[in-house]
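Whatever order the structure lists ligands and atoms in, that order sets their numbers, starting from 1.
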Amino acid sequence: MVGPWLEEILPELIEFRRDLHAHPELSFKEFRTTDKLVERLEAAGLKPRRLEGTGLTVDVGEGPITTALRGDIDALPIIEETGLPFASKNHGVTHACGHDVHTTTMLGVALVLHGMHRVRPLGGTVRIIFQPAEETMPGGALSCIEQGVLEGVPRIMALHCDPRINVGQIGTRIGAITSASDTIKIELTGRGGHTSRPHLTEDLVFALSQIAVNVPAVLSRRVDVRSGVSVVWGQISAGSAPNAIPASGYMAGTMRCLDRDAWHDAGELLDDVVREIAAPYGVEVHLEHTRGVPPVVNSEDETAIIEAAARAELGEHAVVLTPQSMGGEDFAWFLADIPGAMMRLGTHTPGGEEYDLHRGDFIVDERALGYAVQVLAAAALRTIRDL
Ligand code: NI
């Protein structure tokens, strides 16, 4: 049981989290946060490794790595409106996505496991990754991976606050738990002219309309419909007079997808589909397709490890099923080559106010912090036991 180990450091963790909350930092600018973590981990006798710029990793235990745990450390450019005594002192920046809780959870797990290891060797190593810049595109996950944080790591686990789940519970789901979202921008150029003589022009208004209607149609027939690929245009503009065909036009939209393979397939197809639809009209096509993140796909085994740990630590009713969110999360990049799972951490006070992420008034029930440490430390221990 992790509980007794946690009790000792919980008051300090609450203070640590409040301090982070009062000093939030934007993506790739988490210098103070990184320094605080390094300082505390070194004071415990651990040897954290700083990543380029911001972020760090730390290995706890000895021998082969049995799992990595990842916590994201950045805040959002949102004005805080909670009125909390430890509200943001960095005006315009807020931990409105709960990453202060994620960061402190991972610090807590490191301290708990290290405390245990000093009494009796763990028999394996747990790598903790404090990842910068989850809130930007492309997120900090890719730069962490480029710096080798996954070398020798067989699996990875993570958490995200969820204000729709009661504190004391966690949400899990096997398969995709977040979604992919890409941005598509298309510019068409061609010879404009009089609408009475479209054959002497390259009628890009007509071509834009064809793209608007037919790209979603073709993708719905070429990509598995169960993947929910959805192309929706948010912008379309061209022309300035009813009787003149313009020389340029623009449209932009998003492509969302529930499934990783389909996201890949749809992305590969997109360029060809747009060009083939536009080809008969002779217009010039400039396509900008920005890949967001793939969905986070939770593996069966790692989800089971988290669920078993949660039930053992927090009780039989601690695990609830969570729906797939349409939001994106760059933890997905860690899962490209190794299995893993992300759990939702309940932060809602039963009977209390309803909050949502990415809002200035977002408040977390602080008890969630201790529960998160318990569950993830216990889950990490289970991966060592299974060595
Ligand atoms: Ni977040």
Side-chain angles (χ1 to χ4, degrees), residues 17 20-21 23-30 33-34 37 54-55 68-82 88 90 92-107 109 128-144 156-165 167 170-173 176-181 256 292-298 306 322-335 340-348 354-366 368-369 371-373 375-376:
R17 182 255 158 175
L20 287 189
H21 193 89
H23 301 93
E25 295 173 300
L26 291 174
S27 304
F28 290 123
K29 297 198 172 97
E30 311 92 336
T33 307
T34 301
L37 288 164
T54 53
L69 297 174
R70 170 275 207 175
D72 40 8
I73 65 174
D74 56 330
L76 284 159
I78 293 176
I79 296 170
E80 177 152 357
E81 294 158 2
T82 60
S88 173
N90 186 1
V93 183
T94 307
H95 269 297
C97 200
H99 297 190
D100 50 340
V101 174
H102 308 167
T103 306
T104 313
T105 296
M106 292 308 166
L107 172 66
V109 172
I128 297 178
I129 301 166
F130 295 92
Q131 182 213 303
E134 191 280 324
E135 301 285 3
T136 52
M137 289 278 187
L142 287 171
S143 80
C144 288
I156 186 163
M157 297 185 273
L159 80 161
H160 203 293
C161 288
D162 190 332
R164 281 176 210 85
I165 298 175
V167 65
I170 61 148
T172 58
R173 177 181 199 82
I177 190 169
T178 63
S179 301
S181 174
R256 292 176 193 276
V293 288
V296 169
V297 181
N298 283 347
I306 290 175
T322 187
Q324 180 172 7
S325 137
M326 285 307 288
E329 159 65 69
D330 79 350
F331 180 63
W333 294 121
F334 292 109
L335 302 179
M342 163 171 276
M343 71 173 200
R344 299 269 179 212
L345 174 69
T347 62
H348 178 246
E354 308 275 335
Y355 295 110
D356 205 356
L357 299 169
H358 288 215
R359 281 178 36 169
D361 64 352
F362 175 61
I363 291 180
V364 162
D365 187 316
E366 264 182 346
L369 177 59
Y371 296 142
V373 175
V375 173
L376 288 173

TODO: For the Ni ion (ligand 1), report each protein N, O or S atom nearer than 2.8 Å, sorted by chain and then by residue number.
DONE: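 Protein N, O or S atoms closer than 2.8 Å to the Ni ion (ligand 1): Cys97 SG, His99 NE2, His160 NE2.
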
Task: Contact list for residues 135-144, test salt bridge (charged side-chain N to carboxylate O under 4.0 Å, His left out), sequence neighbours left out - done: none

Task: Spatial distance of atom CG (Leu20) from atom CD1 (Ile73) [nearest 0.5 Å] - done: 9.0 Å

Open item on the list: Below 30° counts as parallel, above 60° as perpendicular, anything between as tilted: where do the rings of Tyr355 and Phe362 land?
Closed with: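 Ring orientation, 0 to 90° scale: perpendicular.
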
Open item on the list: My understanding is that only residues two or more places apart in sequence, or in another chain, count here; which of them pass salt bridge (Lys or Arg N to Asp or Glu O under 4.0 Å) with Asp74?
Closed with: none

Open item on the list: Once side-chain contact (heavy atoms from CB on, under 4.5 Å) is applied, do any residues pair with Ile79, and if so which ones, sequence neighbours excluded?
Closed with: His91

Task: Donor-acceptor pair, side chain of His102 and main chain of Cys161, under 3.5 angstrom - done: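 Between the backbone of Cys161 and the side chain of His102 there is a qualifying donor-acceptor contact (under 3.5 Å).
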
